[in-house]
Amino acid sequence: QEAVTKPNVIILATGGTIAGAGASAANSATYTAAKVGIDKLIAGVPELSQLANVRGEQVMQIASESITNENLLQLGRRVAELADSNDVDGIVITHGTDTLEETAYFLNLVEKTDKPIVVVGSMRPGTAMSADGMLNLYNAVAVAGSKDARGKGVLVTMNDEIQSGRDVSKMINIKTEAFKSPWGPLGMVVEGKSYWFRLPAKRHTMDSEFDIKNIKSLPNVGIAYSYGNVDDTAYKALAQSGAKAIIHAGTGNGSVSSSVVPTLQALRKDGVQIIRSSHVNNGGFVLRNAEQPDDKNDWVVAHDLNPQKARILAMVALTKTQDSKELQRIFWEY
Ligand SMILES: NC(=O)CC[C@H](N)C(=O)O
């Protein structure tokens with residue numbers, strides 16, 4: 001009989017619904033997030049031990065809408081430490097789903113490792129009927145422990161799909177099939193085995209020019225949402241609060257209302273970076289110099305990144321450059 005060595009997988013727990021608890025099994029939507037500790041979560045899925053040697057670590061215990069830049073840096077540093085350790089083969093991060101897409105993208109940009117990093121959450125608390133957390137966690141550990149997940153960037157396992165942390169997003173808040181990418185999943189995980197169909201084309205992890213070890217703090221970057229009858233109040237307030245960049249969560253192709261254009265031109269002259277994104281639901285796609293003369297205005301376009309992901313990339317990029325052309329290059333490449 002062949003000796004099988006199981007991979008060592010660390011689960012870093014941060015809270016969210018996957019650690020949530022409700023009053024009754026019928027409570028799929030009314031419950032408290034971030035209640036259950038990581039040891040209890042691991043004990044609740046004994047099958048994990050068939051996949052890997054699993055160890056848990058409680059990094060924080062919060063609902064992810066309350067995650068701060070400091071929390072992101074703390075988590076990122078711990079991930080980097082563990083990834084550097086010889087006895088760690090893969091890392092799972094349990095996370096609330098509200099900002100999971102932001103954390104996954106952040107780690108995808110700044111972790112210099114080819115070891116699998118898998119971010120996972122759930123849409124229903126463990127106390128609910130048909131809770132999805134157990135299987136999502138099982139799948140996350142399976143992917144994190146697998147050799148074929150190496151070098152594919154930060155991944156997200158929800159609803160049996162393996163998504164790229166770069167472009168996955170929470171598309172609906174009441175279904176277990178909540179996480180989608182406009183460009184489709186990278187693969188599927190079924191009964192603890194991964195099946196791959198495509199690879200990320202954008203720069204990440206080992207191939208990234210950013211490194212968590214060189215990032216001391218993240219700059220203030222805000223988002224302003226666009227709609228009919230919008231005015232420039234939010235943009236001005238963000239600039240006044242010290243924003244180094246403002247993400248324009250624009251309509252359609254990142255279009256900008258004529259009531260806002262002059263203010264954004266003036267803010268750019270004052271040194272604030274203006275980044276045009278789109279809040280279109282299934283994924284925006286903003287083209288340079290379409291809708292607005294970005295070359296003339298010295299603005300940046302966020303490409304296919306939604307506003308919250310554009311904020312993450314802008315913060316990371318601004319730790320290295322203040323040049324709008326460099327920023328634009330980074331927005332095309334990541
Ligand atoms: N499904 C969830 O995880 C949402 C719970 C909570 N709002 C959070 O993001 O942590």
Side-chain angles (χ1 to χ4, degrees), residues 11-42 44-45 56-76 78-79 91-108 117-141 143-144 154-163 165 167-181 185 189 223 225 279 281 306-309 311-312:
I11 306 180
L12 298 180
T14 72
T17 296
I18 196 165
S24 109
N27 285 127
S28 62
T30 310
Y31 57 87
T32 312
K35 292 292 275 187
V36 183
I38 185 57
D39 292 343
K40 217 173 151 197
L41 286 188
I42 292 173
V45 195
E57 203 177 295
Q58 194 78 46
V59 181
M60 54 195 103
Q61 182 68 294
I62 55 178
S64 71
E65 62 271 25
S66 300
I67 282 201
T68 62
N69 287 351
E70 268 313 308
N71 293 144
L72 264 188
L73 290 171
Q74 178 200 348
L75 177 65
R78 187 63 189 133
V79 169
I91 299 164
V92 168
I93 296 145
T94 61
H95 201 289
T97 55
D98 288 1
T99 60
L100 189 151
E101 65 199 78
E102 298 179 37
T103 298
Y105 188 39
F106 176 72
L107 299 174
N108 192 58
I117 300 169
V118 183
V119 191
V120 64
S122 79
M123 297 307 294
R124 296 175 182 149
T127 46
M129 288 185 269
S130 290
D132 53 333
M134 277 174 81
L135 182 54
N136 287 350
L137 183 61
Y138 181 79
N139 286 342
V141 169
V143 172
V154 173
L155 303 165
V156 172
T157 55
M158 298 281 294
N159 202 38
D160 299 354
E161 292 178 332
I162 309 168
Q163 303 274 1
D167 41 38
V168 74
S169 190
K170 186 177 187 176
M171 304 299 277
I172 185 161
N173 61 312
I174 201 78
K175 292 185 181 179
T176 51
E177 54 160 339
F179 279 76
K180 298 280 171 207
S181 157
V189 49
I223 302 175
Y225 200 92
H279 65 58
N281 285 333
N306 69 24
Q308 57 273 30
K309 283 181 187 276
R311 185 189 77 98
I312 295 289

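Order of listing sets the numbers, starting from 1, for every ligand and every atom in it.
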Is there a side-chain contact between Met158 and Val168 (heavy atoms, below 4.5 Å)? no

If you scan protein heavy atoms around atom 5 (C) of ligand 1, the nearest is Thr17 OG1, 2.9 Å

Could you list the residues that satisfy side-chain hydrogen bond (donor to acceptor under 3.5 Å, both in side chains) with Thr103, not counting sequence neighbours? His95

Which of the ligand 1 atoms, numbered from 1, are nearer than 4.0 Å to a heavy atom of Gly16: 10 (O)

For the pair Glu161 and Phe179, evaluate side chain to side chain contact (heavy atoms under 4.5 Å, CB included) and give the outcome as yes or no after the intermediate values. CA-CA 9 Å; Glu161 292 178 332; Phe179 279 76; over 6 Å; no

For ligand 1, is any non-hydrogen atom under 4.0 Å from Ser122's backbone (N, CA, C, O), its side chain (CB onward), both, or neither? backbone

Using distance alone, decide if ligand 1 has a nitrogen or oxygen within less than 3.5 Å of any nitrogen or oxygen in His95. no

Between Ile93 and the options Leu107, Val120, Val156, Val154, the side chain to side chain contact (heavy atoms under 4.5 Å, CB included) test singles out Leu107

Identify, by atom number and element, the atoms of ligand 1 in contact range of Glu65, meaning under 4.0 Å from any of its heavy atoms. 6 (C), 7 (N), 8 (C), 9 (O), 10 (O)

Students should be able to answer this: which protein heavy-atom is nearest to atom 10 (O) of ligand 1, and at what distance? Ser64 N, 2.7 Å

Just to verify, what does Met171 make a side chain to side chain contact (heavy atoms under 4.5 Å, CB included) with, not counting sequence neighbours? Ser169, Lys180, Asn282

Which of Lys309, Lys170, Arg311 passes salt bridge (charged side-chain N to carboxylate O under 4.0 Å, His left out) with Glu102? It is Arg311

Quick one: look up the protein heavy atom nearest atom 1 (N) of ligand 1 and list residue, atom name and how far away it is. Thr97 OG1, 2.6 Å

